[in-house]
Amino acid sequence: MIDIVLLTLLLAVAIAIIRMKDLFAVVMLSGIYGLLSASFFVAMDAVDVAFTEAAVGAGISTLLMLVVITMTGRSENTTRHKPFPALLLVVITGCLLIYGTLDMPYFGSADAPVHSHVAPRYINDSMQEIGIPNIVTSILASYRAFDTFGELVVIFTAGIGVLALLSSVRRPDNGDKIVCINYSMHEQHLVVRIVTKMLLPFILLFALYVQFHGDFGPGGGFQAGVIFAAAIILYAMLFGLSTARIVINQPFIQLISATGVLLYGCVGLVSLLNGGNFFDYNFLSNDAITGQHLGIFLIEWAVGCTVASVIIIIFFNFADYRERQQSNENEHNQESP
Amino acid sequence: MLVAATLAIFIAMTLAIIRGISGPTFYDRILAVNMFGTKTVLLISLLGFVMGRPEFLDIAIVYALINFISVIAVLRYSDTNQFKHTPATETSNHQSTEKEH
Amino acid sequence: MEIVINISSGLCLFIGSFVCVSGGIGILRFPDFYTRMHAVGVTGTLGAGMILIGLMLYSTDFLVFAKLVMILLLTLLISPTTSHVLAKAALHNGLMPKLSQNTVEQSSLEQESKETASSKS
Amino acid sequence: MLIGLFNNWIVVMLMMIGLYIVIAHGNLIKKIVGLTLFQTSVFIFYISMAKVVGGTAPILADDIIQYSNPLPHALILTAIVVAIATTALALSLVIRIKAAYGSIEEEEIQRQDNQIQADKKERKQA
């Protein structure tokens with residue numbers, strides 16, 4: 001029942017997104033869309049996914065789009081090209097897909113093909129084989145560790161891509177002006193600054209809690225990384241990018257992101273050298289369960305480091321590019337009259 | 001009572017979405033998103049109790065934090081000229097609100 | 001004893017949901033941004049507080065109780081802050097409250113007081 | 001049938017809305033939002049596939065027999081983080097396009113490209 005209401009709301013928001021011309025409104029609605037889909041994931045028992053989607057879909061992705069909109073302009077061109085062929089194509093594809101769903105098993109049926117293949121083994125045996133209660137974590141970090149390694153490398157590569165596209169060597173003489181912009185912008189936000197100072201230690205502690213609690217409840221490296229990055233982003237937004245860069249400078253964070261991937265790979269290599277398969281944690285220690293615990297612990301740390309640092313890198317570069325653009329514009333405005 | 005409270009939260013969420021869509025100024029939209037976020041925190045807490053496993057309240061904490069961060073982000077990055085409030089930036093016909101301006 | 005707790009938690013939940021719905025109606029029906037924000041700011045904190053207290057009375061586990069307390073504290077801290085920042089940003093970026101026609105003088109007065117306030121800060 | 005397949009139909013509609021935005025809108029940011037809708041619809045599809053009626057979240061506890069399927073959860077969890085990373089890459093491309101062309105409307109970019117091509121041809125003929 002809950003899922004039907006949530007899905008209907010999702011559909012309404014999506015239709016509203018098509019019709020909006022103001023890109024700012026589109027981004028705000030996509031934030032609502034992220035929150036709604038995360039609530040849907042909770043209603044579907046996917047607590048780990050809801051955790052991630054809440055932090056990523058509703059928080060970070062909205063934030064990044066917002067930063068970009070402030071650089072690229074807010075209003076969309078009203079003319080759409082070829083709306084009718086597009087509509088026709090979409091309707092035909094949609095009808096075919098709906099025809100395809102008629103053969104699908106009904107929602108929630110326990111004998112659907114998905115539930116008959118490997119899932120029973122994960123549910124029944126993971127406690128004996130891995131020894132941690134959260135099945136999602138044991139699948140993610142142990143049974144399908146190689147998969148997760150691939151995903152981590154994708155995230156790392158995306159971070160490198162953003163660096164390659166946006167980063168530049170900072171000219172030292174430009175720094176003062178940027179500090180000036182920051183200063184004038186933030187001197188009035190006293191209340192938020194104080195509240196943020198109170199909240200920041202709590203957020204960082206909570207990220208660590210999520211990191212370590214991932215074996216027993218919803219959480220783990222991905223979520224902890226995103227929450228940690230969100231805390232740093234909050235700091236950078238309110239206290240200025242240059243201040244945040246003093247806390248976490250660019251080479252350091254780049255090093256951390258690479259270290260994460262390296263650590264992940266090394267865990268696999270060590271288990272290979274100890275006589276097992278790649279990512280076979282049973283061989284990390286004399287006792288199989290201890291080995292599994294050690295492997296999952298290390299891998300969650302590797303994931304957390306890489307995710308946090310890549311998201312921080314992405315945000316820093318976006319915000320940095322924006323500040324450089326703004327200071328260039330200011331210079332231009334000062335010269336032109 | 002839990003189910004009734006969940007229903008009430010759903011109604012409040014729907015109203016917030018309507019305000020978020022219809023808008024007129026972009027502050028109304030931020031307000032709607034903010035309210036929607038608070039209601040989502042409550043919904044998640046309630047859902048935990050309705051579904052019988054209330055130990056996953058960590059998610060609600062994350063929601064509260066993320067909601068704060070996104071509102072701060074919106075306000076932090078709305079300092080450029082294109083977000084200055086002028087009647088020309090209005091998207092719908094509620095412009096009568098700003099006649100005095 | 002159990003009955004008392006059940007009734008009081010039900011009462012808290014009922015008050016909380018009523019406040020939440022009235023806040024929703026407020027955000028939809030009020031004429032301009034500031035009054036809408038008033039509706040959301042007041043009902044958001046109160047409604048969330050009542051519902052969370054109701055859930056606390058329901059909870060049997062200590063950890064669940066502690067997490068609910070944490071959410072309540074966060075809401076009490078965050079919700080007023082966001083309202084404050086939002087109103088301030090709206091005023092700074094030139095969104096004026098909707099006033100009835102015969103209080104235009106008042107609006108100019110307000111403009112002045114705003115300017116003095118911003119020069120002070 | 002209506003209740004049994006409702007989730008799938010909504011997923012199809014969301015997916016098609018995303019596809020329509022990607023095809024029919026010229027603004028690059030809107031296109032990225034459309035892609036996000038498309039991605040999220042896939043996530044919803046997987047997660048609603050994993051649900052078992054009467055099951056609870058796949059975190060083992062003593063007194064629970066029926067769990068939802070944890071495998072799609074693990075897949076989607078990583079997919080969400082990958083989605084944000086790729087979206088960020090796309091957004092940074094948009095920033096560079098804006099810097100190079102001064103616009104993020106597809107038609108304007110195409111027009112400028114054609115202009116450059118035509119200029120080159122003219123120069124060659126000359």
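All figures in this text were calculated on a predicted structure; none of them were measured in a lab. Chain letters run A, B, ... following the sequence lines, proteins first and then strands; every chain starts at 1.
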Portion of [X] that has a non-hydrogen atom of chain A nearer than 4.5 angstrom:
X: D:Leu93; result: both
X: D:Ile80; result: both
X: D:Val82; result: both
X: D:Phe45; result: side chain

Query - Gap separating the OG1 atom of A:Thr52 from the NE2 atom of D:His73, nearest 0.5 angstrom - result: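 Between A:Thr52 OG1 and D:His73 NE2, I get 11.5 Å after rounding to 0.5 Å.
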Tell me, for [X] versus chain D, whether the close heavy atoms (under 4.5 Å) come from the side chain, the backbone, both or neither.
X: A:Val67; answer: neither
X: A:Gln223; answer: side chain
X: A:Pro105; answer: backbone
X: A:Ile314; answer: side chain
X: A:Leu64; answer: both
X: A:Val307; answer: side chain
X: A:Ala112; answer: neither
X: A:Ala55; answer: neither
X: A:Leu87; answer: both
X: A:Ile15; answer: both

Requested in this report: Flag the one option from A:Ile4, A:Leu97, A:Ile132 with the top tally of heavy-atom pairs under 4.5 Å to chain D.
Outcome: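 Between A:Ile4, A:Leu97, A:Ile132, the count favours A:Ile4.
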Requested in this report: Can you sort out the partners of A:Asp147 under salt bridge (charged side-chain N to carboxylate O under 4.0 Å, His left out), two or more places apart, ordered by chain and number?
Outcome: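 Once residues adjacent in sequence are excluded, the partners of A:Asp147 under the salt bridge (charged side-chain N to carboxylate O under 4.0 Å, His left out) criterion are A:Arg144.
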Report task. Would you check if the side chain of A:Asp48 reaches a backbone N or O of D:Ala74 as a donor-acceptor pair within less than 3.5 Å? Result ->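 It does not hold such a pair.
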Query raised in the report: Donor-acceptor pair, D:Lys30 side chain versus A:Lys21 backbone, under 3.5 Å?
Result: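 Absent.
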Report task. Just jot down the side-chain hydrogen bond (donor to acceptor under 3.5 Å, both in side chains) partners of D:Arg96, sequence neighbours excluded, or say none. Result ->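 For D:Arg96 there are no side-chain hydrogen bond (donor to acceptor under 3.5 Å, both in side chains) partners, ignoring immediate neighbours.
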